[in-house]
Number of protein chains: 2
Amino acid sequence: MPEKTYSISDLASEFGVTTRTIRFYEEKGLVTPRREGQKRLYNQADRVRIKLILRGKRIGMTLDECVEVIDMYDPEHNNAEQLHSLIARVQDKRARFEQQRRDIDEMLKGLDEVQALCESALAEAGAAN
Amino acid sequence: MPEKTYSISDLASEFGVTTRTIRFYEEKGLVTPRREGQKRLYNQADRVRIKLILRGKRIGMTLDECVEVIDMYDPEHNNAEQLHSLIARVQDKRARFEQQRRDIDEMLKGLDEVQALCESALAEAGAAN
DNA sequence: TTTACCGTTTACGTTAACGTAAACTTGAGC
DNA sequence: GCTCAAGTTTACGTTAACGTAAACGGTAAA
């Protein structure tokens, strides 16, 4: 069965971005859809790459960093040396993500405190009536 | 006892940024150190704000978003209406941060898989000898 | 056939978050 | 008194990640 394909506006609306954004990612080499005549045709792999890019962006990664991570997924690695270097890069990214998770947890803790203060202030105001 | 203060380069080196960055934050109204003559003097509150800004930046927040969050911490809120609106904003931020945490967890999962593949490939190569 | 979309390329514009450089002041140490 | 490091202001430069506009091609419905 033929693989499912997507038009550029399919993906744009699915992911809530503009077609310009997707073409821009192509300019930068992040996706390489095939063409049907003039029109771009995206396959499942393209779609996944875009999804990964947008996930990266949500946590503040640059497009170049997104590429770095995505490239880790395809095995251009043959020998032991390359495998070790890949593992090292994985560790670097992991450290970064774990730092980010700590940052987010701190942020959430702060929000909890603010909310608790708000609610106790509201309770007090309510009790005053 | 007088509050502890910091020079601009104190904070710059503590946080690993340039003095330009800190002055830029002042231009944008994110910090307002007092002056001793010509020189800027930062107090503990200023220092904490900068710390919060940089934490926000690490998870991809814009400076404006950092201000939004930081502003939630000081109580400019008196009446019940303002308290409810603040709680609503807290919920919005919370949702965003939780999404980010999910994104990070997915990223880490991906890294785990890559590393596992690398290690099993290395084990296989080792066994082949 | 005309209208209405969807798609395309090309190209200039925009915003955030600083970098960088120049020119000047000021207090500390020699 | 001179130097030197650390500070200041002013101002133009830079990069990433698209936005926006113009001008055009294909096709499907009215």
Side-chain angles (χ1 to χ4, degrees), chain A residues 4-43 46-47 49-71 93 96 100 103 107, chain B residues 4-43 46-47 49-71 93 96 100 103 107:
Chain A
K4 176 158 193 190
T5 61
Y6 307 85
S7 76
I8 191 168
S9 50
D10 286 344
L11 294 182
S13 72
E14 174 178 357
F15 291 123
V17 300
T18 67
T19 59
R20 172 69 176 104
T21 295
I22 297 181
R23 286 193 202 96
F24 177 73
Y25 292 165
E26 184 176 348
E27 278 181 48
K28 303 226 76 180
L30 280 75
V31 283
T32 48
R34 64 177 211 275
R35 298 293 180 114
E36 191 172 47
Q38 184 81 307
K39 317 243 173 128
R40 292 165 170 84
L41 258 195
Y42 298 84
N43 60 20
D46 295 323
R47 183 174 162 281
R49 287 180 72 89
I50 293 178
K51 191 172 184 169
L52 290 176
I53 293 165
L54 297 176
R55 174 182 294 162
K57 284 204 54 192
R58 281 197 299 274
I59 58 173
M61 296 172 66
T62 67
L63 293 183
D64 287 346
E65 288 172 318
C66 291
V67 173
E68 277 186 62
V69 171
I70 291 175
D71 282 350
K93 295 297 172 187
R96 180 230 168 104
Q100 283 189 293
D103 288 327
M107 291 289 196
Chain B
K4 176 159 192 190
T5 61
Y6 308 86
S7 76
I8 192 166
S9 50
D10 286 344
L11 294 183
S13 73
E14 173 178 357
F15 292 122
V17 299
T18 67
T19 59
R20 173 68 175 103
T21 296
I22 297 181
R23 285 193 203 96
F24 177 73
Y25 292 164
E26 182 175 349
E27 278 181 47
K28 303 226 74 180
L30 279 76
V31 283
T32 49
R34 64 178 210 273
R35 299 294 182 113
E36 192 170 50
Q38 182 83 308
K39 318 245 172 127
R40 290 165 171 82
L41 259 194
Y42 298 85
N43 60 20
D46 294 323
R47 183 175 161 281
R49 288 181 71 91
I50 293 178
K51 191 172 187 171
L52 290 176
I53 293 166
L54 297 176
R55 174 182 294 163
K57 284 206 54 193
R58 282 197 298 275
I59 58 173
M61 296 173 66
T62 67
L63 294 183
D64 286 347
E65 288 173 318
C66 291
V67 173
E68 275 185 62
V69 171
I70 292 175
D71 282 351
K93 295 297 172 188
R96 179 227 170 109
Q100 284 189 292
D103 288 327
M107 292 289 197

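Every chain is numbered from 1, with letters handed out A, B, ... down the list of sequences. Atoms considered below: every heavy atom in the structure, side chains included; atoms not considered: hydrogens, waters and symmetry mates.
- Place A/Ser9 and B/Ile53 on DNA chain C by their nearest nucleotides, and A/Ser9 ends up nearer the 5' end.
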Scan nucleotides 22-24 of chain D against the protein and return all N/O pairs shorter than 3.5 Å with their distances rounded to 0.1 Å.
none

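- Note that CD1 of B/Ile53 is 10.5 Å distant from CE of B/Met61, once rounded to the nearest 0.5 Å.
- Taking A/Arg58 as the reference, B/Asp103 meet the salt bridge (Lys or Arg N to Asp or Glu O under 4.0 Å) condition, with sequence neighbours excluded.
- Residues from residues 56-63 of chain A with heavy atoms under 4.0 angstrom of DNA chain D, sorted by number: A/Lys57, A/Thr62, A/Leu63.
- A/Thr19 comes within 4.0 angstrom of nothing in the nucleic acid, heavy atoms only.
- B/Glu68 is linked by a salt bridge (Lys or Arg N to Asp or Glu O under 4.0 Å) to B/Lys93, counting only residues two or more places apart in sequence or in another chain.
- Residues that satisfy the salt bridge (Lys or Arg N to Asp or Glu O under 4.0 Å) test with B/Arg20, not counting sequence neighbours, are B/Glu27.
- By the side chain to side chain donor-acceptor pair (under 3.5 Å) test, A/Arg49 pairs with no residue at all, sequence neighbours left out.
- Protein chain B contacts DNA chain C from C/dA17 to C/dT20, reading 5' to 3' and using non-hydrogen atoms of the protein with a distance under 4.0 Å.
- Between the OG1 atom in B/Thr19 and the CD1 atom in B/Ile8 there is a gap of 5.0 Å [rounded to 0.5 Å].
- A distance of 9.5 Å separates CG in A/Leu11 from OG1 in A/Thr5, rounded to the nearest 0.5 Å.
- Checked against A/Tyr25 for a side-chain contact (heavy atoms from CB on, under 4.5 Å), the options A/Val31, A/Thr32, A/Val67 give a single hit: A/Val31.
- The NZ atom of A/Lys28 sits 6.5 Å away from atom CG of A/Leu63, with the distance rounded to the nearest 0.5 Å.
- Within residues 21-39 of chain B, the residues approached by DNA chain C to less than 4.0 Å at the level of any non-hydrogen atom are B/Thr21, B/Phe24, B/Tyr25, in residue-number order.
- Not counting sequence neighbours, the partners of A/Tyr6 by the side chain to side chain donor-acceptor pair (under 3.5 Å) test are A/Gln44.
- Take A/Asp71 and apply the side chain to side chain donor-acceptor pair (under 3.5 Å) test, not counting sequence neighbours, and it matches no residue.
- The side chain to side chain donor-acceptor pair (under 3.5 Å) analysis of residues 9-18 of chain B, with sequence neighbours excluded, yields the pairs B/Ser7-B/Ser9, B/Ser7-B/Asp10, B/Glu14-B/Arg47, B/Thr18-B/Thr21.
- Evaluation of the side chain to side chain donor-acceptor pair (under 3.5 Å) rule for B/Arg40 yields B/Glu26 as partners, not counting sequence neighbours.
- Of the two residues contacting DNA chain D, namely A/Leu54 and B/Arg40, the nearest-nucleotide position lying further toward the 5' end is that of B/Arg40.
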